[in-house]
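Presented below is the structure to which this report refers.
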Amino acid sequence: MEVLITFHQMDLISKLEKRFGSWAIPHLSLYIIAIQAIGVVLLMSDRADFMDLLLHGSSVMDRGQWWRLLSFMMLPKTLNPIWLFFAFYIFYLIGNSLEQQWGAFRFNLFILSGYLLTVLMAFINPGVIITNTYFLGCVFLAFATLFPNMEFRIYFILPVKVKWLAWITVGFYILNLFSADIGARLGVIAAFINYGLFFGKDLFLGVKAGRRKKAFVAQQTKTAEEPMHVCSTCGKTELSHPELEFRYSSSDGACYCEEHINTHNH
């Protein structure tokens with residue numbers, strides 16, 4: 001997760017931003033938090049049940065419950081007031097950092113594409129239940145990619161870099177691809193596709209650059225291990241005999257150690 005993302009100025013997103021940039025909603029993370037706060041109120045006041053807020057494709061298409069297209073975004077990670085406060089605070093920190101790094105339009109587009117991909121999964125398999133867990137988790141992965149060395153304190157004590165938490169998250173997602181229910185699998189697929197749309201090209205270029213750097217370092221190391229001076233007469237080098245001095249003949253340009261510099265024919 002240590003790849004620094006640098007977008008090309010004339011890529012598709014840049015072109016869209018030039019045309020639709022004025023449509024961007026600033027501080028979008030606050031609106032997402034506000035939507036979840038409404039969900040908390042509905043759940044804690046018993047005005048809605050958890051199952052009423054889930055995204056269920058069949059309920060939308062067969063029963064006309066179109067409000068589920070928004071209500072699944074209301075689902076909070078917890079109803080514990082203390083942990084809920086920190087969850088909202090961390091999401092605001094992450095969202096605000098992404099918006100400052102990308103600009104409002106790119107952050108809006110990232111959220112919108114993640115939302116649409118998640119909804120699409122609900123209609124690909126209408127019988128499954130979809131939550132916002134992996135969609136919002138993708139926001140964290142984007143943050144960790146851009147700010148890999150920022151530290152979070154686990155339980156306010158243990159400092160851990162965000163990149164390690166992100167790798168744990170990725171491992172958890174991959175595990176769910178093979179062991180979780182179909183709804184979770186579709187959610188993970190949507191999250192990975194959304195991440196790939198924004199980071200795939202740059203990660204690929206980063207891997208290629210890393211390979212070139214590794215090859216360059218290996219070549220430099222190999223070159224450093226090779227002698228610069230080899231006596232044309234005895235084959236001694238500055239590596240095998242560091243106590244010797246080596247000189248080059250003005251007549252033939254060959255290298256000789258101090259023992260043979262005066263013995264060859266000038």
Side-chain angles (χ1 to χ4, degrees), residues 1 3 5 7 11-17 19-21 23-25 28-36 39 53-62 65-77 91 94-95 97-99 101-146 166-167 169-204:
M1 292 289 174
V3 179
I5 303 302
F7 289 93
D11 63 7
L12 176 60
I13 298 178
S14 296
K15 294 177 181 179
L16 291 173
E17 185 172 6
R19 185 168 183 178
F20 304 106
W23 294 14
I25 302 173
L28 180 59
S29 57
L30 287 178
Y31 291 94
I32 296 176
I33 291 173
I35 290 174
Q36 290 204 339
L53 303 181
L54 292 168
L55 178 56
H56 186 238
S58 293
S59 296
V60 174
M61 294 186 297
D62 300 335
Q65 297 178 354
W66 296 97
W67 41 267
R68 289 183 181 271
L69 296 176
L70 177 63
S71 66
F72 85 101
M73 290 297 298
M74 297 180 177
L75 293 170
K77 288 185 175 296
F91 185 79
I94 290 173
S97 298
L98 285 174
E99 186 170 329
Q101 181 73 14
W102 278 344
F105 179 79
R106 291 175 187 263
F107 181 59
N108 276 227
L109 190 60
F110 181 76
I111 295 296
L112 178 61
S113 64
Y115 167 81
L116 292 177
L117 284 167
T118 303
V119 171
L120 176 63
M121 295 300 168
F123 290 106
I124 288 178
N125 193 329
V128 303
I129 292 175
I130 302 291
T131 68
N132 60 25
T133 300
Y134 304 102
F135 163 55
L136 296 179
C138 186
V139 179
F140 171 70
L141 294 181
F143 173 80
T145 304
L146 293 174
W167 280 118
T169 301
V170 170
F172 174 73
Y173 280 16
I174 293 175
L175 181 63
N176 280 355
L177 281 176
F178 298 97
S179 60
D181 60 83
I182 186 63
R185 294 180 187 179
L186 291 174
V188 171
I189 292 172
F192 279 161
I193 292 176
N194 191 39
Y195 182 88
L197 289 175
F198 283 78
F199 295 97
K201 181 178 179 180
D202 293 283
L203 288 175
F204 175 74

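Among all heavy-atom pairs drawn from G127 and S58, the shortest one is N-OG, 3.8 Å. Of all the heavy atoms in A144 and A166, the pair that sits closest is CB-CB, 3.4 Å. Between S71 and L53, the closest heavy-atom pair is OG-O, 3.0 Å. The shortest heavy-atom contact between Q36 and L75 is NE2-O, 3.2 Å. V139 and F91 make their closest contact through CG1-CE1, 4.1 Å (heavy atoms, listed as atom of the first residue, atom of the second, distance). Minimum interatomic distance between C138 and A191 (heavy atoms only, all atoms of both residues): SG-O, 3.3 Å.
Taking a 6.0 Å sphere around CH2 of W67, one finds it holds more than 12 heavy atoms contributed by other residues, nucleotides or ligands.
From L117, atom CG reaches atom CG of L112 across 9.5 Å, with rounding to the nearest 0.5 Å. The OH atom of Y173 lies 5.5 Å from the CG atom of L141; values are rounded to the nearest 0.5 Å. In this structure, OG in S179 is found 8.0 Å from CZ in F172, a value given to the nearest 0.5 Å. The CD atom of E99 sits 10.0 Å away from atom CD1 of I25, with the distance rounded to the nearest 0.5 Å. Taking OH of Y31 as the start and CE of M73 as the end, the distance is 15.0 Å to the nearest 0.5 Å. Rounded to the nearest 0.5 Å, atoms OG1 (T118) and CZ (F123) are 12.0 Å apart.
A distance-only check finds a donor-acceptor pair linking the side chain of N194 to the backbone of F110 [under 3.5 Å].
Residues L177 and I189 meet the side-chain proximity criterion, which asks for heavy atoms closer than 4.5 Å. Side-chain atoms of V119 and F72, non-hydrogen and from C-beta on, do get closer than 4.5 Å to each other. In this structure, the side chains of T145 and F198 stay at 4.5 Å or more apart for every pair of heavy atoms. Side-chain contact check for N125 versus R185: every heavy-atom pair is 4.5 Å or farther apart. The side-chain heavy atoms of D181 and V128, taken from C-beta on, include no pair separated by under 4.5 Å.
Taking Y134 as the reference, N176 meet the side chain to side chain donor-acceptor pair (under 3.5 Å) condition, with sequence neighbours excluded.
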Practice item. Using the side chain to side chain contact (heavy atoms under 4.5 Å, CB included) rule, take N132 and Y115 through it: C-alpha gap first, then chi angles, then the decisive distance, then the call. Key: CA-CA 9 Å; N132 60 25; Y115 167 81; over 6 Å; no

Quick one, L109 with W102, criterion side chain to side chain contact (heavy atoms under 4.5 Å, CB included). Give me CA distance, side-chain angles, the key distance, then yes/no.
CA-CA 10 Å; L109 190 60; W102 278 344; over 6 Å; no

Inset, instruction - Check step by step if side chain to side chain contact (heavy atoms under 4.5 Å, CB included) holds for V60 and L55. - result: CA-CA 8 Å; V60 174; L55 178 56; 4.3 Å; yes

Practice problem: Could you please spell out the steps behind the side chain to side chain contact (heavy atoms under 4.5 Å, CB included) verdict for L70 and I35? | Solution: CA-CA 9 Å; L70 177 63; I35 290 174; 4.2 Å; yes

